[in-house]
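Here is the structure we will look at, set down as structure tokens.
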Amino acid sequence: MKKVLAVFGVILGIALLGGFGYVFFVMDENDPATMFVNNPETTQTVEKSKLNVKKKAETPAEIQEALDYETSVNQDTVAWIDIPGTDINNSVLQSYDNSYYLRRNERRQEEVYGCYFADYECSIGSREELTPNVVIYGHSDLKDNPNGPRFSQLFKFTDPEFAKNTPVIHLSTLKGFLNWEIFAVLYTDLDFRFIDAYPEQGVDQMAAVAMEKSLYDYGVTVGPEDNVLVLSTCTIKYGANDTNHRYVIMARLLPEDAEVPTTANIEVKTPAE
């Protein structure tokens with residue numbers, strides 16, 4: 001009888017240790033974004049909204065909530081980018097140089113496609129704090145595949161129908177929901193200085209060069225006092241080993257009270273080389 005009780009005690013002890021081991025494993029292995037997944041019955045609505053940081057955030061309220069959370073996880077978070085009709089819907093990071101996030105994701109983990117990150121010289125905040133030129137970098141899959149990861153999705157704009165139906169980019173900061181009207185889709189060599197936070201010739205002249213190179217004539221005017229958004233990624237249009245060209249989307253910040261267009265009145269043209 002004593003042997004039976006002893007065996008039972010051992011089994012019970014192992015079961016209890018196993019149970020506690022499971023609890024500690026769940027708490028140690030899951031970060032704040034997923035720590036409630038294993039106990040859905042106790043998950044509050046506010047926590048559910050924070051579980052999946054990759055969820056679509058499109059309205060001002062959703063984007064603000066996403067930014068608040070992402071900032072709590074990584075203080076390098078400066079903005080949220082959303083392009084309708086694509087998978088580009090995520091936070092934008094910024095570091096002390098342009099190499100830190102080149103191959104790191106939003107959690108500072110090594111990843112070949114990195115994350116979306118702002119040029120370190122750009123100021124990203126309220127409308128008044130923005131630099132004239134706001135530059136965001138992202139990797140493509142080096143196939144110019146519009147269904148690929150990260151900024152590969154920008155190649156969707158080479159389809160005139162998609163470009164026509166996607167006139168606006170949302171790049172919102174911690175201080176406001178911002179709409180940007182696209183005015184150029186282009187391939188360019190790096191002799192064109194489109195990545196300067198303060199373009200020497202002014203944003204209007206930089207925009208004029210971009211419009212000349214653009215695949216489409218958007219009929220949009222960019223003035224010297226406008227803020228411009230630049231999205232830049234690599235391309236293999238000029239060869240798989242070419243490193244001197246980029247594929248770029250440019251947009252201007254719409255006034256706060258401006259009507260947001262739902263389509264773009266584009267004219268397809270041959271870009272200047």
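Predicted model only: the values in this text are computed from it and were never measured. Note that these values count all heavy atoms, side chains included, but never hydrogens, waters or copies made by symmetry.
Contact check for Glu106 versus Leu93: side-chain heavy atoms found under the 4.5 Å cut-off. The closest side-chain heavy-atom distance from Ile136 to Val230 is not below 4.5 Å. Residues Thr77 and Leu67 are in side-chain contact: their nearest non-hydrogen atoms beyond the backbone lie under 4.5 Å apart. In this structure the side chain of Arg104 never reaches within 4.5 angstrom of the side chain of Cys115, judged on heavy atoms. For the pair Leu215/Thr158, a side-chain contact is recorded, criterion being any heavy-atom separation below 4.5 Å from C-beta on. Counting heavy atoms from C-beta outward, Glu121 and Thr131 have side chains that stay 4.5 Å or more apart. Looking only at side-chain heavy atoms (C-beta outward), Met206 and Glu200 stay at 4.5 Å or farther from each other. A 4.5 Å side-chain heavy-atom check between Pro261 and Glu181 finds at least one atom pair inside the cut-off.
No side-chain donor from either of Tyr218 and Asn265 sits under 3.5 Å from a side-chain acceptor of the other. In this model, no donor atom of one side chain and acceptor atom of the other lie less than 3.5 Å apart for Glu70 and Asn74. Under the 3.5 Å distance criterion, with hydrogens and angles disregarded, a donor-acceptor pair is assigned to the side chains of Asp82 and Asn89.
Under the ring-ring contact (aromatic ring centres under 6.0 Å, His included) criterion, Tyr198 pairs with no residue at all, not counting sequence neighbours. For Tyr101, the ring-ring contact (aromatic ring centres under 6.0 Å, His included) criterion is met by no residue, not counting sequence neighbours. For Glu58, there are no salt bridge (Lys or Arg N to Asp or Glu O under 4.0 Å) partners two or more places apart in sequence or in a different chain. Remark: Gln94 pairs with Val78, Ala118, Cys122 by the side-chain contact (heavy atoms from CB on, under 4.5 Å) rule, at least two apart or across chains. Legend: residues meeting side-chain hydrogen bond (donor to acceptor under 3.5 Å, both in side chains) with Glu225, ordered by chain and number and at least two apart, are absent. For the salt bridge (Lys or Arg N to Asp or Glu O under 4.0 Å) test, residues two or more places apart in sequence or in another chain that qualify with Arg108 are Asp76. For the ring-ring contact (aromatic ring centres under 6.0 Å, His included) test, no residue two or more places apart in sequence or in another chain qualifies with Tyr120. With sequence neighbours left out, the side-chain contact (heavy atoms from CB on, under 4.5 Å) criterion links Thr221 to no other residue. In this structure Phe183 satisfies the ring-ring contact (aromatic ring centres under 6.0 Å, His included) test with no other residue, sequence neighbours excluded. Taking Arg193 as the reference, Asp196 meet the side-chain hydrogen bond (donor to acceptor under 3.5 Å, both in side chains) condition, with sequence neighbours excluded.
In this structure, Glu65 does not pair ionically with Lys56, as no charged nitrogen and carboxylate oxygen lie closer than 4.0 Å.
Centroid-to-centroid, the aromatic rings of His170 and Phe177 come within less than 6.0 Å.
A distance of 11.5 Å separates OG of Ser172 from CD1 of Ile124, quoted to the nearest 0.5 Å. Between the CD atom in Gln64 and the CD atom in Glu62 there is a gap of 12.0 Å [rounded to 0.5 Å]. One distance of note links CD1 of Ile249 with CD1 of Ile83; it measures 7.5 Å at 0.5 Å rounding. Separation of atoms CZ (Arg150) and CG (Asp141) is listed at 13.0 Å; rounding is to 0.5 Å. With values rounded to the nearest 0.5 angstrom, Lys213 atom NZ is found 9.5 Å from Met250 atom CE.
Between the side chain of Ser214 and the backbone N or O of Met211 there is no donor-acceptor pair closer than 3.5 Å. Side chain of Ser140 to main chain of Cys234: a donor-acceptor pair is present (N/O by atom type, distance under 3.5 Å, no hydrogens or angles).
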(request) Verify side-chain contact (heavy atoms from CB on, under 4.5 Å) between Ile88 and Leu154, making sure each step is shown before the conclusion. (result) CA-CA 9 Å; Ile88 299 170; Leu154 293 180; 3.7 Å; yes
(message) Leu253 vs Asp226, test: side-chain contact (heavy atoms from CB on, under 4.5 Å). Steps then yes/no.
(response) CA-CA 7 Å; Leu253 179 62; Asp226 279 327; over 6 Å; no
(request) Just do the side-chain contact (heavy atoms from CB on, under 4.5 Å) check on Leu178 and Leu130 with the steps written out, would you? (result) CA-CA 11 Å; Leu178 307 176; Leu130 294 172; 4.1 Å; yes
(request) Go through Arg252 and Asn227 one step at a time and tell me if the side-chain contact (heavy atoms from CB on, under 4.5 Å) criterion holds. (result) CA-CA 6 Å; Arg252 73 177 184 101; Asn227 294 96; over 6 Å; no
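The residue from Leu229, Ile169, Ile266 that alone fulfils the side chain to side chain contact (heavy atoms under 4.5 Å, CB included) condition with Ile182 is Ile169. Considering Arg107, Arg103, Gln109 in turn, Gln109 is the only one that fulfils the side-chain hydrogen bond (donor to acceptor under 3.5 Å, both in side chains) rule with Asn105.
By the criterion of side-chain heavy atoms lying less than 4.5 angstrom apart, applied directly or through intervening Ile, Leu, Val, Met, Phe, Trp or Tyr residues, Tyr116 is grouped together with Leu102 in one hydrophobic cluster. Following chains of ILVMFWY side-chain contacts shorter than 4.5 Å, one cannot reach Trp80 starting from Val260, and the two form parts of different hydrophobic clusters. Tyr137 and Ile236 fall into different hydrophobic clusters, where Ile, Leu, Val, Met, Phe, Trp and Tyr are joined by side-chain heavy atoms under 4.5 Å apart, directly or via other members. One hydrophobic cluster, built from ILVMFWY side chains closer than 4.5 Å, holds both Leu190 and Leu231. Under the 4.5 Å side-chain heavy-atom criterion for grouping Ile, Leu, Val, Met, Phe, Trp and Tyr, Tyr216 is connected to Val209 within one hydrophobic cluster.
The ring pair (Phe, Tyr, Trp, His ring centres under 6.0 Å) analysis of residues 240-259, with sequence neighbours excluded, yields the pairs Phe155-Tyr247, Tyr187-Tyr247, Tyr238-His245.
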Taking distance alone, no hydrogens or angles, what donor-acceptor pairs closer than 3.5 Å link side-chain atoms of residues 160-168 to residues at least two apart or in another chain?
{"from": "Glu161", "atom 1": "OE2", "to": "Asn165", "atom 2": "ND2", "distance (Å)": "3.4"}
{"from": "Asn165", "atom 1": "ND2", "to": "Glu161", "atom 2": "O", "distance (Å)": "3.0"}
{"from": "Thr166", "atom 1": "OG1", "to": "Phe162", "atom 2": "O", "distance (Å)": "2.9"}

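Aromatic ring pairs are classed by plane angle as parallel below 30°, tilted from 30° to 60° and perpendicular above 60°; the pair Phe192 and Phe194 is tilted.
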